[in-house]
Amino acid sequence: MVTLWFAMDFRDSQEVHLEEVRRRHHTLNQSVHLLEAEARFRQTHAQDIATLREKGWLKPISRLVAAEWLERLRPFFKTFAYTFEPEGLKMADGPLKATPFILEGTSSFDREVYESLDLLLEKFPGVLIPREIVLVRSPQGIESRFVFEWMRFDER
Amino acid sequence: MRDILHITDEGVTLSREGQVLCALDSSFEESRPLLESYLKGGQKIGLVVDQDFQTPFDEKVPSLWPWDKARLLFHKKASLSLRGGYGRCTFIQEKRETCLRSVYIPLHSPLLAWIEWAKLYQGRVCIGALEVPGFLKYHTRSSKTYQMLVYPLPSGKKRHLIFKGKHLLLSRLVPHEEDEQTSLHFLSRTYSDLRDGLEITQLTDPLIFMKFVGRQRRSTFALHPLKPRNNQRPLMAGALMVSLVWSGLLIFQGIGFRTKTEALFSVIVALQHAERTLSPIDEGSPSRKAIEAYGQLVVGYKDPLEDIETLSHLLEQQDLYLEKLAVRYGQGREIMLEFLMRESTKSALATRFEKFLEACHGYFPTARLEVMSAPLHSSPHETFKMSVADDLILTSLKITMP
């Protein structure tokens, strides 16, 4: 009876131990698979990640900082104005927050408009999605109106 | 070497190393004190039963499976044990022939008193006839099928023992003057080749045989006391066996589980190493969800400057004067162009406008072109009125790209 009891205890304990190890193995396996998938994903999106890190996709950037940056465009225009509208949530494209902003100005030559637009799209501290670009020739020069959505991801 | 107490039907003889110490023909109670006087100093006794009706009984059995043999032996032993006394049974096998040999000394036999007494001297009980094959093999080394041993007894009679291999065919106590022919006559009808293959060994003194028995370390067929077995014992033995087998199976399963666990452990170590090696996500790095959201946002995104550059090439090539450009971004891109054209005749103006549209198709092959206002409102959906031609004619076009 003692032998039988010992054998049953031995078998049961080994089975329980095996089950525990199997669960651990399963969890680890899943974790490693997820990590591998994540690593592959990050490798394929390395360029996007670099862009988002540089542009600040997650952290909200103060409008004052953005406004200060926009002052760099002033030399390209004779008249220059910008408007930041209230931030809104864009659920259709995911948990995104969008701040429409309008930039209006008058410049003497086409070249100045293109250069300012190039600088804005390249260096502005945030992800800008263009919505409207209007250029009108007038007696005062080239009147420009750029409408953008200043986007950021809402982690919550 | 043991002292041999040779018990015959007429009396007992105690011998030590081939020397007779005493020969008695009285009863056990009377003989005992005298015998004990010779057995001082821790002597061991070998009790050799050499009586008629104490011969072994050999039953020929058919060929059986080992478990059937075990069952048969078990039942035979159980049957003898129920009756008590002394005895033994076992299988003997010779030339593919199996026999169940049994010797039984019942409870009421006068031999039991001798046996119980002999136990006081670490006595060993054996049947004399069964020790004979070993004795003949040792002394004669004959290869003949049949063996016969003749030896005298202290009473003056002779013992005739005839064997075929290990099997005792005949054991007779005969008068001194009778020769072996009578004994052979008994068996010759059953065993026709008896006289041809017979080796006869005659001993003048039985002590030679007793000395041989006394020197044997083990008797050929030692007898054991038979006691009624506990009825629960087979059940317990069975339960024990089942429990042992079950335990073995459980332990075997347990070892199997342990082996699998150890195998999994090595895999786990490798996985843990892989988990450590795989670079964790840097702090501040956007999550997968954030990256995917960005990917969805910029899908189909085209740099606005590219469109503007393309348009400026087109207008420059066609020598047109851009008045207004409006690009709107939604599901696709919508470009609204307003420009001025200059031509001296209406046909030249029409030709140039057609050429411009063809060039537009070339620059934007997937786009849909929609003339909003043709030169001088000449498109079919407009109201075309004769008027004084202006130098610069305003035209507008909508280019929609998917």
Side-chain angles (χ1 to χ4, degrees), chain A residues 1 3-22 24-25 28-29 31-32 35-39 41-42 45 48-49 51-53 57-59 90 93-96 110 113-114 117-118 121 127 129-137 145-147 151 153 155, chain B residues 239-240 242-244 246-258 260-262 264-265 267-268 271-272 274-275 277-282 284-298 301 303-305 307-309 312 321-330 336 338:
Chain A
M1 290 305 286
T3 314
L4 190 61
W5 175 80
F6 167 76
M8 286 175 88
D9 185 54
F10 173 71
R11 183 204 171 277
D12 289 348
S13 63
Q14 291 303 319
E15 191 177 15
V16 168
H17 193 40
L18 177 64
E19 279 306 311
E20 279 174 15
V21 171
R22 270 188 182 149
R24 199 169 155 202
H25 172 255
L28 259 175
N29 211 12
S31 166
V32 168
L35 275 172
E36 281 174 348
E38 188 68 26
F41 178 79
R42 285 180 179 276
H45 291 81
D48 285 348
I49 292 167
T51 307
L52 294 180
R53 271 183 163 174
W57 177 236
L58 301 172
K59 286 184 183 174
K90 287 199 74 166
D93 297 332
L96 299 173
D110 297 353
V113 178
Y114 300 145
L117 191 58
D118 186 24
L121 290 170
V127 176
I129 301 298
R131 291 294 172 225
E132 190 180 329
I133 294 171
V134 180
L135 303 174
V136 180
R137 199 178 297 278
R145 184 173 188 270
F146 305 143
V147 180
M151 310 292 288
F153 184 77
E155 197 72 85
Chain B
L240 182 67
V242 168
S243 113
L244 282 174
W246 195 8
S247 302
L249 281 173
L250 290 171
I251 289 171
F252 180 73
Q253 275 189 322
I255 290 169
F257 289 145
R258 179 179 276 185
K260 283 181 188 170
T261 306
E262 282 167 2
L264 269 180
F265 258 129
V267 178
I268 282 174
L271 283 174
Q272 281 174 334
E275 195 182 29
T277 315
L278 284 167
S279 57
I281 300 166
D282 301 336
S285 181
S287 67
R288 189 188 181 108
K289 204 172 159 187
I291 298 164
E292 281 172 349
Y294 176 74
Q296 284 175 5
L297 189 70
V298 298
Y301 173 80
D303 190 350
L305 289 171
D307 283 340
I308 291 170
E309 273 182 34
S312 71
Y321 191 69
L322 180 67
E323 196 65 16
K324 185 180 176 183
L325 167 70
V327 186
R328 288 185 182 83
Y329 298 86
M336 196 72 174
E338 284 183 22

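Chain letters run A, B, ... following the sequence lines, proteins first and then strands; every chain starts at 1.
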Within a strict 4.5 Å, meaning less than it, do heavy atoms of the B:Tyr329 and A:Val147 side chains meet?
-> no
Sequence neighbours excluded, which residues qualify as salt bridge (charged side-chain N to carboxylate O under 4.0 Å, His left out) partners of A:Asp48?
-> none
Which residue out of B:Ala326, B:Gly330, B:Gly256 racks up the most heavy-atom pairs below 4.5 Å with chain A?
-> B:Ala326
Contacting region of A:Leu4 [heavy-atom separation from chain B under 4.5 Å] = both
Euclidean distance, A:Arg11 CZ relative to B:Ile251 CD1, rounded to 0.5 Å = 12.0 Å
Would the number of heavy atoms belonging to other residues, nucleotides or ligands and lying under 6.0 Å from CZ of A:Phe41 be above 12?
-> yes
Is it the backbone or the side chain of A:Thr51 that comes under 4.5 Å from a heavy atom of chain B, or both, or neither?
-> side chain
How many angstroms lie between atom CG of B:Leu240 and atom OG1 of A:Thr3, to the nearest 0.5 angstrom?
-> 8.0 Å
Going through the distances and angles, do B:Glu275 and A:Ser31 end up as a side-chain hydrogen bond (donor to acceptor under 3.5 Å, both in side chains)?
-> CA-CA 8 Å; B:Glu275 195 182 29; A:Ser31 166; 2.8 Å; yes
How many angstroms lie between CD in A:Glu15 and CG in B:Leu250, if you round to the nearest 0.5 Å?
-> 10.5 Å
Under 4.5 Å heavy-atom distance to chain B, tell me which part of A:Leu121 shows up: side chain, backbone, both or neither.
-> side chain
Salt bridge (charged side-chain N to carboxylate O under 4.0 Å, His left out) partners for B:Arg328, two or more places apart | A:Glu132
Please state whether the side chain, the backbone, both or neither of A:His45 comes within less than 4.5 Å of a heavy atom of chain B.
-> side chain
Would you mind reporting whether B:Phe257 and A:Glu19 have side-chain heavy atoms less than 4.5 Å apart?
-> no
Using non-hydrogen atoms and a 4.5 Å limit, figure out which bit of B:Leu322 sits close to chain A: side chain, backbone, both or neither.
-> both
A:Glu20 versus chain B, the contacting section by heavy-atom distance below 4.5 Å | neither
Based on non-hydrogen pairs under 4.5 Å, which of B:Asp307, B:Leu325, B:Val267 is most in contact with chain A?
-> B:Leu325
Answer with side chain, backbone, both or neither: which region of B:Asp303 has an atom nearer than 4.5 Å to a non-hydrogen atom of chain A?
-> side chain
Within 45° cone of A:Phe10 ring axis and under 6.0 Å: B:Arg258 NZ or CZ = no
